Trainee: 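What follows is a single structure, and I will ask about it in a moment.
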2 protein chains.
Amino acid sequence: MNHTYLPNEFAKRAGVTIRALHHYDRLGLLKPSGRTAAGYRVYSDRDFARLEQIVALKFIGFPLSQIRELLHRKDTDLTAALRQQREILAEKREHLDRAMQAIERAEKIVASGGKPDWEPFRKVIEVIQMQTRKDWMKKYYTEEQLANLRKRWSPEVQAESQRGWEALAKDTEEAIATGADPAGEVGRQLAARRKRLLAMFTGGDPGMEQNLQKLYADKANWPASFKKPYSDAVDRFLCQAAEALAKNEPVGCE
Amino acid sequence: MNHTYLPNEFAKRAGVTIRALHHYDRLGLLKPSGRTAAGYRVYSDRDFARLEQIVALKFIGFPLSQIRELLHRKDTDLTAALRQQREILAEKREHLDRAMQAIERAEKIVASGGKPDWEPFRKVIEVIQMQTRKDWMKKYYTEEQLANLRKRWSPEVQAESQRGWEALAKDTEEAIATGADPAGEVGRQLAARRKRLLAMFTGGDPGMEQNLQKLYADKANWPASFKKPYSDAVDRFLCQAAEALAKNEPVGCE
DNA sequence: TCTTGACCCTTCCCTTACGTCAGACCTTAA
DNA sequence: TTAAGGTCTGACGTAAGGGAAGGGTCAAGA
């Protein structure tokens with residue numbers, strides 16, 4: 001059972017390249033058990049186990065330097081390292097999500113044409129600034145609520161929400177064009193759709209709903225990225241409809 | 001309105017470092033409009049617009065070399081570049097998701113203690129192998145179904161699902177200990193919980209449910225990472241309960 | 001006029017995790 | 001004996017800048 005391997009076989013079995021083995025050797029991360037008379041590296045089963053660990057730690061994103069620490073010193077706090085690494089990955093994922101969202105926006109604007117080619121990037125920049133506007137959002141949301149929001153507000157959900165708002169805007173414009181009454185049946189249905197879309201954002205948390213209304217009222221200080229995708233007329237109609245739908249609840253129209 | 005900026009003001013306004021400006025200058029990505037007699041870089045509003053574009057494209061993950069192409073040649077296909085970039089980001093996100101899942105597993109095993117410190121990494125490796133087992137999953141799932149699954153199966157959902165299974169296992173063990181009947185009321189409720197957890201995975205797609213059953217039957221070929229977190233006794237009890245709950249539907253127990 | 005502090009310049013080395021040569025050495029089969 | 005295939009070390013390249021060395025510029029205060 002105590003096999004020995006030459007570099008080629010060893011590397012293939014572990015799914016790494018020979019060059020990587022050289023690299024780990026030079027870093028002192030994985031020294032081969034021995035050498036042949038000609039100087040060829042010779043690896044053992046124990047080396048293989050260690051390489052497996054290295055590969056695993058690399059997969060979850062640890063840098064080689066830290067892997068060496070973790071494998072070298074038994075006293076290193078593994079749980080703390082894992083937790084920290086998970087947090088790092090979570091941050092990276094957040095960035096990726098925002099980048100994907102930005103691309104989708106840009107694609108949409110490019111596809112709708114008409115504008116000069118570089119218009120999309122204004123939008124992208126707005127999204128970035130929204131990211132740096134975290135402190136602004138903290139005026140209204142607690143850290144915990146923001147964390148929940150980030151969890152729920154995946155790019156897919158965002159995309160769906162955006163589609164929903166666009167469709168709602170279109171239908172509302174039609175309703176206005178046909179002279180519909182905000183308090184009538186059509187308005188009632190549109191208001192219900194608006195409510196569901198808001199619920200996608202708040203996740204049904206009443207605290208967040210309140211905050212959303214305060215935030216909505218703070219119109220003067222909105223970052224540009226919060227600009228609604230529909231006109232003031234549509235906004236007014238929907239607000240009136242929403243108030244008609246729920247006579248007793250404040251709706252957040254000015 | 002035609003402002004000029006020295007590096008400090010310019011960099012701050014755009015949210016980059018002076019060192020980055022030097023870098024872009026050297027790459028020919030953003031040459032300042034002019035220089036003072038002393039050799040200081042002088043930037044204009046047009047430079048600012050260009051820098052905004054650079055920052056935006058960098059945010060969505062384009063390398064500087066490609067950014068230069070995109071900004072230099074008007075004929076470059078922007079839509080194609082955006083689509084491709086989105087795909088690249090999607091792949092990265094997939095990797096991140098799997099890494100986070102691996103960390104969560106490792107953390108759980110470390111926390112439960114008892115095992116030698118390096119046991120967790122066996123589990124991590126299994127997750128990696130599951131990744132390379134894509135071809136195996138394709139036996140049962142179409143590409144489209146897999147894509148849907150990846151969308152829905154975020155780390156958060158995974159974590160929640162895992163918690164759900166663990167709780168279900170615990171409660172089922174208790175039920176077995178008290179001699180409950182799989183076909184009785186307790187069994188009925190446990191079976192319903194099992195069904196809901198499966199639904200988290202299938203998303204209610206009946207095609208995927210069928211596949212899940214086929215996959216379940218292919219027990220001999222399961223990758224190790226699919227090992228259930230509960231004992232065979234719990235498994236049998238839940239299967240019998242599920243069959244009792246839905247007399248006419250096949251449940252997938254052997 | 002001299003100095004201080006805040007800017008700015010260029011050039012060079014450093015970072016990660018290897019990939020890619022280049023030139024030389026080893027082993028084995030034909 | 002030679003050809004093929006495997007291996008060695010060493011050096012350089014990658015992306016996107018960070019940091020430091022060593023030096024110039026500018027405005028204001030002593």
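These figures come from a predicted structure and were not determined experimentally. Sequence lines set the chain letters: A, B, ... in the order given, protein chains first and strands last, and positions in each chain run from 1.
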Trainee: Does any residue of residues 29-37 of chain B have a heavy atom under 4.0 Å from DNA chain D, and if so, which ones, in number order?
Mentor: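 DNA chain D contact set from residues 29-37 of chain B: none.
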
Trainee: Of the listed nucleotides (D:dG17, D:dT25, D:dC8), which one gets closest to any side-chain atom of B:K58?
Mentor: D:dG17

Trainee: Give a yes or no answer on whether the side chain of A:R50 reaches the backbone of A:L29 with a donor-acceptor pair at less than 3.5 Å.
Mentor: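 Checked: pair present.
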
Trainee: Please indicate whether B:R35 has more than 12 foreign heavy atoms, meaning atoms of other residues, nucleotides or ligands, lying under 6.0 Å from its CZ.
Mentor: yes

Trainee: Who pairs with B:S33 by side chain to side chain donor-acceptor pair (under 3.5 Å), at least two apart in sequence or on another chain?
Mentor: B:S44, B:D47

Trainee: Strictly by ring pair (Phe, Tyr, Trp, His ring centres under 6.0 Å), give each pair with a member in residues 16-47 of chain A just once, sequence neighbours left out.
Mentor: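 Counting only pairs at least two positions apart or across chains, the ring pair (Phe, Tyr, Trp, His ring centres under 6.0 Å) contacts touching residues 16-47 of chain A are A:F10-A:Y43.
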
Trainee: Taking for each residue the nucleotide of DNA chain C with the nearest heavy atom, is it B:K12 or A:R26 whose nucleotide lies nearer the 5' end?
Mentor: B:K12

Trainee: Just grab all the salt bridge (Lys or Arg N to Asp or Glu O under 4.0 Å) pairs involving residues 11-24 of chain B, residues at least two apart or on different chains.
Mentor: B:E9-B:R13

Trainee: Write out all pairs satisfying salt bridge (Lys or Arg N to Asp or Glu O under 4.0 Å) with one or both partners inside residues 78-90 of chain B, taking only residues at least two apart or from two chains.
Mentor: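 Residue pairs passing salt bridge (Lys or Arg N to Asp or Glu O under 4.0 Å), neighbours aside: A:E107-B:R86.
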
Trainee: Kindly indicate whether the side chain of B:I60, heavy atoms from C-beta on, has any atom under 4.5 Å from the side chain of B:L57.
Mentor: yes

Trainee: Of all the choices, D:dG6, D:dC8, D:dG24, which nucleotide is nearest to the side chain of A:Y40 once you look at every atom?
Mentor: D:dG6

Trainee: Find the distance B:I18:CD1 to D:dA20:P and express it as a whole number of Å.
Mentor: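 The distance from CD1 of B:I18 to P of D:dA20 comes to 15 Å, rounded to the nearest Å.
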
Trainee: The helix from C:dT1-D:dA30 to C:dA30-D:dT1: angle between its terminal axes, five pairs each, to 10°?
Mentor: 40°

Trainee: Is there a donor-acceptor pair closer than 3.5 Å between any side-chain N or O of B:Q85 and the backbone N or O of A:I103?
Mentor: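 No; zero donor-acceptor contacts below 3.5 Å.
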
Trainee: Could you list where the contact with chain B starts and ends along DNA chain C, reading 5' to 3', using a 4.0 Å heavy-atom cut-off?
Mentor: C:dC7 to C:dC12

Trainee: Under 4.0 Å, counting only non-hydrogen atoms across every strand here, what does A:L27 touch: a base, just sugar-phosphate, or nothing?
Mentor: nothing

Trainee: Tabulate protein N/O versus nucleotide N/O from nucleotides 11-15 of chain D, keeping only pairs under 3.5 Å, one per line.
Mentor:
{"from": "D:dA11", "atom 1": "N6", "to": "A:R19", "atom 2": "NH2", "distance (Å)": "3.4"}

Trainee: Starting from P on D:dC26, measure out to CG on B:L6 and report it in whole angstrom.
Mentor: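 The distance from CG of B:L6 to P of D:dC26 comes to 11 Å, rounded to the nearest Å.
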
Trainee: Restricting to salt bridge (Lys or Arg N to Asp or Glu O under 4.0 Å), what partner residues turn up for B:R41, sequence neighbours left out?
Mentor: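 Per chain and number, B:R41 pairs via salt bridge (Lys or Arg N to Asp or Glu O under 4.0 Å) with B:D25.
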
